[in-house]
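To keep things clear, I will list the structure first and then write my remarks on it.
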Amino acid sequence: MAESGVVEIIGKPVQELLLNPQNLPKNYLYEEGGAGFRDALVPSQDDECIPVLDLHLLSSPSAAQQELAKLHLALHSWGCFQAINHGMERSFLEKVREVSKQFFHLPKEEKEKCGREPKNVQGYGNDIIYSANQRLDWTDRVYLKVLPEDQREFKFWPQKPDDFRSTVLQYTESIKLLSEVILKAMAKSLNLEEDCFLNECGDRGDTMLRFNYYPPCPMPDHVLGLKTHADGSTITFLLQDKEVEGLQVLKDDKWFKVPIIPDALVINVGDQIEIMSNGIFQSPLHRAVVNAEKERLTVAMFFLPDSEKEIKPVDKLVNESRPVLYKPMKNYVDIYFQNYQQGKRAIEAFKI
Ligand SMILES: O=C(O)CCC(=O)C(=O)O
Ligand SMILES: [Fe+2]
């Protein structure tokens, strides 16, 4: 987190900067942006589209083999896919988006009741600022540790709207179950025991939930909602805004827009599965662009291994033709955050 002894300055919420749009702090601006950020390729042919996988088929014995092969290919080439037929009702996903949006629309004083504290990522706020020239993201967030249950710190959880907490608890339970389905399928698609990744992660890992609120931005060609990054998780689930696009994924050095598929969840591999899979699955670089007129809201859930567990490539994925590619490590997230805010990839430090 922030270096000890250094007093951290907490930046203003982006929603407040908007009150004075002529005077945006320069840390938000990419001079070289041009129209570039928003010109990402729109997938045109099937093989240029982020793969779409049917989770119901993935768990049905007759179709599973074919779906597992699709999963393997998706995570090898893109590092992500859109999951449909995941069993969560449209009305419930709507509710998750609705309570989150209601929170960001509350008066400043109400939101600040669960404000982030220096050197802590949890609560309402925005980027931890490590250095004066750090690039800032055009986003306000609520960041919560939702699992393990006994580590929830409710002082950071919004008290309003009234059904925020119950909705988050239900959403967490559903996504947790899905994460187990996906981690098992991923292991099977690599011909590993289905519990392999679950065992590697342990059952006391943190699960973090982040509500990303991107207010409209007066300079969308020169500002990013979320800078280019890969996630430090094992896997991440993203519930996109149902109307406003913004997520882009880098593949073969080209940026692709991730289209909105109603009710789909975007699932991506994070650095820690890239490491455990010895690089067979790729943790993709991605970013979020902003919109001049419209606000955008997304909900990301990140799964992490037990901090006590040593993370390293699974033995069965190391052989003569595929030597070990990453060094073992523990508690990757701490290193991850410092690198992230400097626009660097933590995983580079673990490559052999
Ligand atoms: O909001 C988005 O589209 C991307 C969110 C994301 O990448 C993240 O929260 O790590
Ligand atoms: Fe991300």
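As a basis for the values below, the full set of heavy atoms in this structure was taken, side chains included, without hydrogen atoms, waters or symmetry mates. We count ligands from 1, going down the list as the structure has it; atoms in each ligand are counted the same way.
- Near F302, the atoms of ligand 1 lying under 4.0 angstrom from a non-hydrogen atom of the residue are 8 (C), 9 (O), 10 (O).
- Residues P259 and Q82 form a side-chain contact, since some pair of their non-hydrogen atoms from C-beta on lies under 4.5 Å apart.
- Of the options R296, M301, H286, the smallest heavy-atom separation from atom 3 (O) of ligand 1 is shown by R296.
- Of the possible donor and acceptor atoms, none in the side chain of R90 sits under 3.5 Å from a partner among the backbone N and O of E94.
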Test side-chain hydrogen bond (donor to acceptor under 3.5 Å, both in side chains) applied to S283 and D271, step by step:
CA-CA 5 Å; S283 165; D271 290 350; 2.7 Å; yes

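- Near H229, with a cut-off below 4.0 Å to any heavy atom, the atoms of ligand 1 are 6 (C), 7 (O), 8 (C), 10 (O).
- The backbone N or O of Q134 sits less than 3.5 Å from a side-chain atom of N27, completing a donor-acceptor pair.
- Using a distance-only test at 3.5 Å, with no hydrogens or angles considered, a donor-acceptor pair links the side chain of H72 to the main chain of S189.
- In L238, the part holding a heavy atom less than 4.0 Å from any atom of ligand 1 is the side chain.
- By the 6.0 Å and 45° rule, K312 does not stack over the aromatic ring of F350.
- Residue contacts with ligand 1 for D231 involve side-chain atoms from C-beta outward but no N, CA, C or O (heavy atoms, distance under 4.0 Å).
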For the pair K327 and I352, evaluate side chain to side chain contact (heavy atoms under 4.5 Å, CB included) and give the outcome as yes or no after the intermediate values.
CA-CA 6 Å; K327 295 179 221 162; I352 292 178; 3.8 Å; yes

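- Those atoms of ligand 1 with a heavy atom of N212 less than 4.0 angstrom away are 1 (O), 5 (C), 9 (O).
- Between Q240 and ligand 1, no N or O atom pair is found at a separation short of 3.5 Å.
- Annotation: atom 9 (O) of ligand 1 to nearest protein heavy atom, R210 NH2, 2.9 Å.
- The proximity of R287 to ligand 1, defined as any non-hydrogen pair under 4.0 Å, does not occur for either the backbone or the side chain.
- When side chains are defined from C-beta on, D241 does not count as touching R97, because their heavy atoms never get closer than 4.5 Å.
- Shown in contact with A300 at under 4.0 Å from a heavy atom are these atoms of ligand 1, numbered in order with element: 9 (O).
- Ranking protein heavy atoms by distance to atom 6 (C) of ligand 1, first place goes to L226 CD2, 3.2 Å.
- Note on the Fe ion (ligand 2): protein N/O/S atoms under 2.8 Å are H229 NE2, D231 OD1, H286 NE2.
- Taking the centre of each ring, F103 and Y124 come in below the 6.0 Å mark.
- With contacts defined as side-chain heavy-atom distances shorter than 4.5 Å, the pair W138/P220 does not qualify.
- The contact set between ligand 1 and Y214, taken as ligand atoms under 4.0 Å from a residue heavy atom, comprises 1 (O), 2 (C), 4 (C), 5 (C).
- A cation-pi arrangement, defined by a distance under 6.0 Å to the six-membered ring centre and an angle within 45 degrees of its axis, is present between R135 and Y30.
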For residues 156-168, which side-chain donor-acceptor pairs fall under 3.5 Å, sequence neighbours excluded?
{"residue": "D163", "atom": "OD2", "partner": "K95", "partner atom": "NZ", "Å": "2.6"}
{"residue": "S166", "atom": "OG", "partner": "D163", "partner atom": "O", "Å": "3.3"}
{"residue": "T167", "atom": "OG1", "partner": "D163", "partner atom": "O", "Å": "2.5"}

